[in-house]
Structure formats: structure tokens, C-alpha cells
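Counting starts at 1 for both ligands and their atoms, following the listed order. Here, residue 1 is the first one in the sequence, and each next residue gets the next number.
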Amino acid sequence: MGEFRRNILVTGGAGFIGSHLVRLLVRKYPDYRIVNVDALTYAGNLANLSDVENAPNYVFVKADICDFEKMCSLFESYEVDGVIHLAAESHVDRSIRDPFTFARTNVMGTISLLQAARLRWEAAEGGYSGKRFHHVSTDEVYGALELDLPQGGPLGEGPYGTRFFTEGMKYDPHSPYSAAKASSDHFVRAFHDTYGMPAVITNCSNNYGPYQFPEKLIPLFINNIRHGKSLPVYGKGENVRDWLYVEDHARAIDLVFHEGRTGETYNIGGFNEWKNIDLIRVLVKVTDRILGNPEGHSLGLITFVTDRAGHDLRYAIDASKIHEELGWEPSLQFEEGIERTVRWYLENQEWLDGVTSGEYQNYYESMYMDR
Ligand code: NAD
Ligand code: TYD
């Protein structure tokens, strides 16, 4: 086994959630080797991990998870006994423009990893014993919920409906992104049921926090407010999302990876539903305050644009299973999470400038040119 007690392969560790998870694992488990495998697409950025890059228990490998031979060689050379799989194409709007890339990475990439794990672990002494394949997925696989409690809470937060996503719910994805993630979840279950792969799946709601690529709502809007650019709200801004601070998600993954029951699915959510338009007003308020602008200064940047095709109305997670079985709950109040997040993006303009140059800039301009 070498000098490390465990060898964990994390895929997509240079992305938003992956970088928070890698940081947590590298610091919390000095006796584990954390091997971060990432293709460094437009969404992957090694600057997200500059604070752990020299840690003795951290290794970075630039590789595409669809490269099956390469994945097999990594399982062998690093004696991988655990996988936490996050690498994916993750943005719904991109999936509408380019579904092939989503099928390739999210579906074929997942099969490539599953098969590499299977071949290695089935041949190992002790077989699957002590091994784990943790697949990180999304609540979007469950489809959309209705909005049947229109009032919401006192600040404009939810709940906005009487139903929630539970683990046993039928899959009903609508976007190419969620269809590809749903398919990957099915393959993970198929490997568990067919070969005995010791798999576990987590399905999480929308994350927010530092290092999120500014194509997603929260970082995009903070950046636009700073630069006095318009805030493109899809449709009427009535869609509801359940927001969770990214470090709380990383803690949940750590917990399920170590203590979750094999073959099970755990939903992870923030108990924190917001209508987009209310969330955007909060973002404007906090960002203006921190920038020293008068209250309401940037509200005029809000621009209602053509709705996203197939736009899911409401996502809301019932996270009682992970709470009751494993004791997890979100640790950060939304107010504090948003304050931290806005401050981080305003203080890290260099990071934003770095990731929004080049390929992303071209994509972004083409997205909004035809609106
Ligand atoms: P992200 O887009 O920020 O990062 C994805 C990472 O995967 C990047 O570092 C990218 O370089 C890497 N990658 C992409 N294709 C690859 C390939 N072929 N081979 C190797 N690496 C590749 O995504 P994120 O928001 O951090 O999401 C991570 C995971 O969590 C995804 O599986 C996503 O479906 C899931 N998830 C995300 C959210 C959310 O709100 N962001 C919520 C629930 C679940
Ligand atoms: P996003 O951050 O893309 O996450 P997801 O689509 O996976 O939930 O979008 C969050 C919500 O914000 C979603 O309802 C779409 C909406 N949205 C806008 O209104 N305008 C935007 O420019 C973006 C990126 C998203």
C-alpha cells in the first residue's frame, strides 16, 4: 500500500466543487494520497488549488476521464482504492447548445472510470473489499417541482411548494445536462447491481461560493454588477432553486464517502429555496453595499430576457435521509454565505479576469449576441 493509508482519486478537482473537496481532503487526511485528475477544460483552473498544490499528500494529473487506457494506468500506478467522481460538463445553457460534449464527458467518461475501477478492483486481492466509488450528481435528474405555495418565507425565501425531491423519486430530466447526469447515475447503479461495484451516489442542489465559474447565476451577476453590465434574468425570474454553500456540500461528500451505506443514494440540499428574482435583489443589495454604492443603485441593471428552453420551474431537496442517518446539516446561514461569497468575488477580480479571458469570452459574447 506504500506510505499512504488510502489512495483517493478525485475527478474534476480543479473545478468549482472539486477544488473545495480536494482542499478539505488534503488537509483533513494527511495519511491519504489525494490524486486529482482533471482535463482542465474552460471550467478547470489550477489556481483554485494554489494553497494545497505543494502538499505532500496531493498529486495532480492532467487527463481526460474518457481516456480509458489512461484511467486504467492511473488506478494501477496510484493503487487507487477510492474514487470521488465530480468531473463533468456542468452548465445547462451550454448543454442546450452542445449536447454531444455532455454525453461524452458525463456518460462515457463515467463508464470509463467505472470500468477502470472494476477491472482493477476485481483483480485485486480481497476484490471489492475496502473499495468505494462515490458518484457526485445533481438534483436536476429528478426534473421539476410545482410552485404551489406562492408566498414563500418572510424574506422571500421558500419553501415554495409542498413536494420535495426524495431519493426514491422517479428520474425525469429535461435538459441535455440533466439527461446526461441521469444516465451516468443509471450506469453507476448498473455497475453496483451487475458487478457488485461498491458505489454510492449523492444528488445535490445548487451550490454557491468562491471559485464558481462566472457563467453560473451568482458569480456572473456579482461580476456584472461590479462592471455596471446588465443582469440577464431568464423569463420572469420566477424559477426557484435550493442553494447550498459549497463547503457544506464538500463536508457532505466526505461524510457519505466514509460512512454512507453502499448501494445507497443520499440527497443533499440547503433547505433554502429562493425565487431567482428575489435572490438577485439580495445580490444587488449586498454587492452595492460592499462597493459603497447607494441602496438600489444597480437594480436598473436587471433585464428580463428570453427564457431558457425547457427551464425547470422549481428544485427543492428533502435532505432528511442524510440528516437522520449521518447527522449532516448545512452549517452556514444563507445571509452569511452570500456575504462571504460577494466579498470573495469582489476581492478576487484577478481570478475572475483570468477565467473569463479567451475561449469563455467568445462563448459568452455569442450567447448574448442572439438574444
Ligand atoms: P465545474 O464545471 O466547475 O467543474 C468541472 C470540472 O471537471 C472542471 O475542473 C473540468 O476541467 C473537469 N472536467 C470536465 N470534463 C472533463 C473530462 N472529460 N475529464 C476530466 N476532467 C474534466 O463543475 P462543478 O459545478 O464543480 O460540478 C462538479 C460536479 O458536481 C458535477 O458532476 C456536477 O454535475 C455536480 N453538481 C454540481 C452542482 C452545482 O451547483 N455546481 C450541484 C450539484 C451537483
Ligand atoms: P444556473 O446558475 O445556471 O444553475 P442551474 O440552471 O443549474 O439551476 O442558474 C440558476 C438559475 O438562474 C436558473 O433558474 C437559471 C437562472 N439564470 C438566469 O436567470 N440568468 C442567467 O444569466 C443565468 C446564468 C441563470
Asker: Please indicate whether any nitrogen or oxygen in Glu89 is less than 3.5 Å from any nitrogen or oxygen in ligand 1.
Answerer: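 Between Glu89 and ligand 1, no N or O pair is found under 3.5 Å apart.
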
Asker: Can you check whether Lys216 has an N/O within less than 3.5 Å of an N/O in ligand 2?
Answerer: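 No - when backbone and side-chain N and O of Lys216 are compared with those of ligand 2, no distance drops under 3.5 Å.
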
Asker: Give the atom numbers and elements of ligand 2 that come within less than 4.0 Å of a heavy atom of Glu140.
Answerer: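 Those of ligand 2 that fall under 4.0 Å from Glu140 are 5 (P), 7 (O), 8 (O).
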
Asker: Tell me whether Arg308 has any N or O atom under 3.5 angstrom from an N or O of ligand 2.
Answerer: yes

Asker: Should the pair Arg340 and Tyr245 be classed as cation-pi, given the thresholds of under 6.0 Å to the six-membered ring centre and 45° from the axis?
Answerer: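 Ring-cation test returns yes.
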
Asker: Looking only at heavy atoms, is any part of Leu220 under 4.0 Å from ligand 2, and if so is it the side chain, the backbone, or both, or is it neither?
Answerer: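 Just the side chain.
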
Asker: Which atoms of ligand 2 sit under 4.0 Å from any heavy atom of His311?
Answerer: 13 (C), 14 (O), 15 (C)

Asker: Taking the six-membered ring of Tyr160 as reference, does the NZ or CZ atom of Arg314 fall below 6.0 Å from its centre and within a 45° cone about the axis?
Answerer: no

Asker: Return the residue, atom name and 0.1 Å-rounded distance of the protein heavy atom closest to atom 28 (C) of ligand 1.
Answerer: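 Nearest neighbour among protein heavy atoms for atom 28 (C) of ligand 1, to 0.1 Å: Leu86 O, 3.5 Å.
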
Asker: Please work out whether any backbone atom (N, CA, C, O) or any side-chain heavy atom from C-beta onward of Asn45 is under 4.0 Å from ligand 1, and answer side chain, backbone, both or neither.
Answerer: neither

Asker: How far is atom 41 (N) of ligand 1 from the closest protein heavy atom, and which atom is that?
Answerer: Ile17 CD1, 3.7 Å

Asker: Where the closest heavy atom to atom 5 (C) of ligand 1 is concerned, which of Ser90, Gly109, Ser19, Ala88 has it?
Answerer: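 Looking at heavy atoms only, the winner is Ala88.
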
Asker: Under 3.5 Å between some N or O of ligand 2 and some N or O of Glu215?
Answerer: no

Asker: Would you say ligand 2 has an N or O under 3.5 Å from any N or O of Asn206?
Answerer: yes

Asker: Given Ala43, Ala39, Gly269, which has its nearest heavy atom closest to atom 20 (C) of ligand 1?
Answerer: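 It is Ala39 that holds the nearest heavy atom.
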
Asker: Walk me through whether Arg94 and Glu215 qualify under salt bridge (charged side-chain N to carboxylate O under 4.0 Å, His left out).
Answerer: CA-CA 10 Å; Arg94 282 181 187 256; Glu215 62 188 349; 2.7 Å; yes

Asker: With a cut-off of 4.0 Å, which atoms of ligand 2 are near a heavy atom of Val92?
Answerer: 6 (O), 7 (O)

Asker: Please classify the Phe221 to ligand 2 contact at 4.0 Å (heavy-atom distances, strictly less than): side chain, backbone, both or neither.
Answerer: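 For Phe221, only side-chain atoms sit under 4.0 Å from ligand 2.
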
Asker: For ligand 1, which part of Ile65 has a heavy atom less than 4.0 Å away: the side chain, the backbone, both, or neither?
Answerer: both

Asker: Does His249, backbone or side chain, put an N or O under 3.5 Å from an N or O of ligand 1?
Answerer: no

Asker: Is it true that the side chains of Asn207 and Trp243 contain a donor and an acceptor less than 3.5 Å apart?
Answerer: no

Asker: Quick check: Arg241 and ligand 2, any N/O pair under 3.5 Å apart?
Answerer: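 Yes, Arg241 has an N/O under 3.5 Å of an N/O on ligand 2.
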
Asker: For Lys181, which part has a heavy atom under 4.0 Å from ligand 1: side chain, backbone, both, or neither?
Answerer: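 Only the side chain of Lys181 comes within reach of ligand 1.
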
Asker: Using 30° and 60° as the class boundaries, would you call the ring planes of Tyr32 and Tyr29 parallel, tilted or perpendicular?
Answerer: parallel

Asker: In plain terms, say whether Glu295 and Arg289 are close enough for a salt bridge, that is, a side-chain N and a carboxylate O under 4.0 Å apart.
Answerer: no

Asker: Under a 3.5 Å threshold, yes or no: a donor from one side chain and an acceptor from the other, between Asn36 and Tyr58?
Answerer: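 Note: Asn36 and Tyr58 side chains meet the donor-acceptor criterion.
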
Asker: Hey, which atoms in ligand 1 end up nearer than 4.0 Å to a heavy atom of Tyr177?
Answerer: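 So the answer, numbered in order with elements, is 33 (C), 34 (O).
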
Asker: Output yes when the distance from some N or O of ligand 2 to some N or O of Tyr234 is under 3.5 Å, and no in every other case.
Answerer: yes

Asker: Would you call Asp38 and Lys62 a salt bridge, using N to O less than 4.0 angstrom?
Answerer: no

Asker: Counting only heavy atoms, tell me which of Thr138, Asp38, Val37 gets closest to atom 8 (C) of ligand 1.
Answerer: Asp38

Asker: Between Tyr208 and Phe334, is the ring centre distance below 6.0 Å?
Answerer: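 Yes.
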
Asker: Can you confirm whether the side chains of Ser331 and Asp248 place a donor and an acceptor under 3.5 Å from each other?
Answerer: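 Yes, a side-chain donor-acceptor pair sits under 3.5 Å.
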
Asker: In this structure, does ligand 1 have an atom that sits under 4.0 Å from one of the heavy atoms of Ser137?
Answerer: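 The answer is yes, since Ser137 has a heavy atom less than 4.0 Å from ligand 1.
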
Asker: Under 4.0 angstrom from ligand 1, any heavy atom of Thr11?
Answerer: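 Under 4.0 Å: no for Thr11.
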
Asker: Checking side-chain hydrogen bond (donor to acceptor under 3.5 Å, both in side chains) against Ser137, which of Thr202, Thr265, Asp185, Thr110 comes through?
Answerer: Asp185

Asker: Which of the atoms in ligand 2, numbered in the order shown and given with their element, are less than 4.0 Å from a heavy-atom of His91?
Answerer: 3 (O)

Asker: Check whether any N or O atom of Asn206, backbone or side chain, sits under 3.5 Å from an N or O atom of ligand 1, and answer yes or no.
Answerer: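 For ligand 1, there is no N or O atom that lies under 3.5 Å from one belonging to Asn206.
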
Asker: With heavy-atom distances below 4.0 Å as the criterion, list the atoms of ligand 2 near Val233.
Answerer: 19 (O)

Asker: With atoms numbered from 1 as shown, which atoms in ligand 2 lie under 4.0 angstrom from a non-hydrogen atom of Pro232?
Answerer: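 Under 4.0 Å from Pro232, ligand 2 has these atoms: 18 (C), 19 (O), 20 (N), 21 (C), 22 (O).
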
Asker: Measuring only between side-chain heavy atoms, which start at C-beta, is Tyr266 closer than 4.5 Å to Val200?
Answerer: yes

Asker: Check each heavy atom of Asn276 against ligand 2 and say whether those closer than 4.0 Å belong to the side chain, the backbone, both or neither.
Answerer: side chain

Asker: Ion pair present between Glu167 and Lys321, side-chain N to carboxylate O less than 4.0 angstrom?
Answerer: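 Salt bridge flag = no for Lys321 with Glu167.
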
Asker: Examine His91 together with Tyr42 and report whether their ring centres are nearer than 6.0 Å.
Answerer: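 No, the ring of His91 stays outside the 6.0 Å limit from the ring of Tyr42, centre to centre.
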
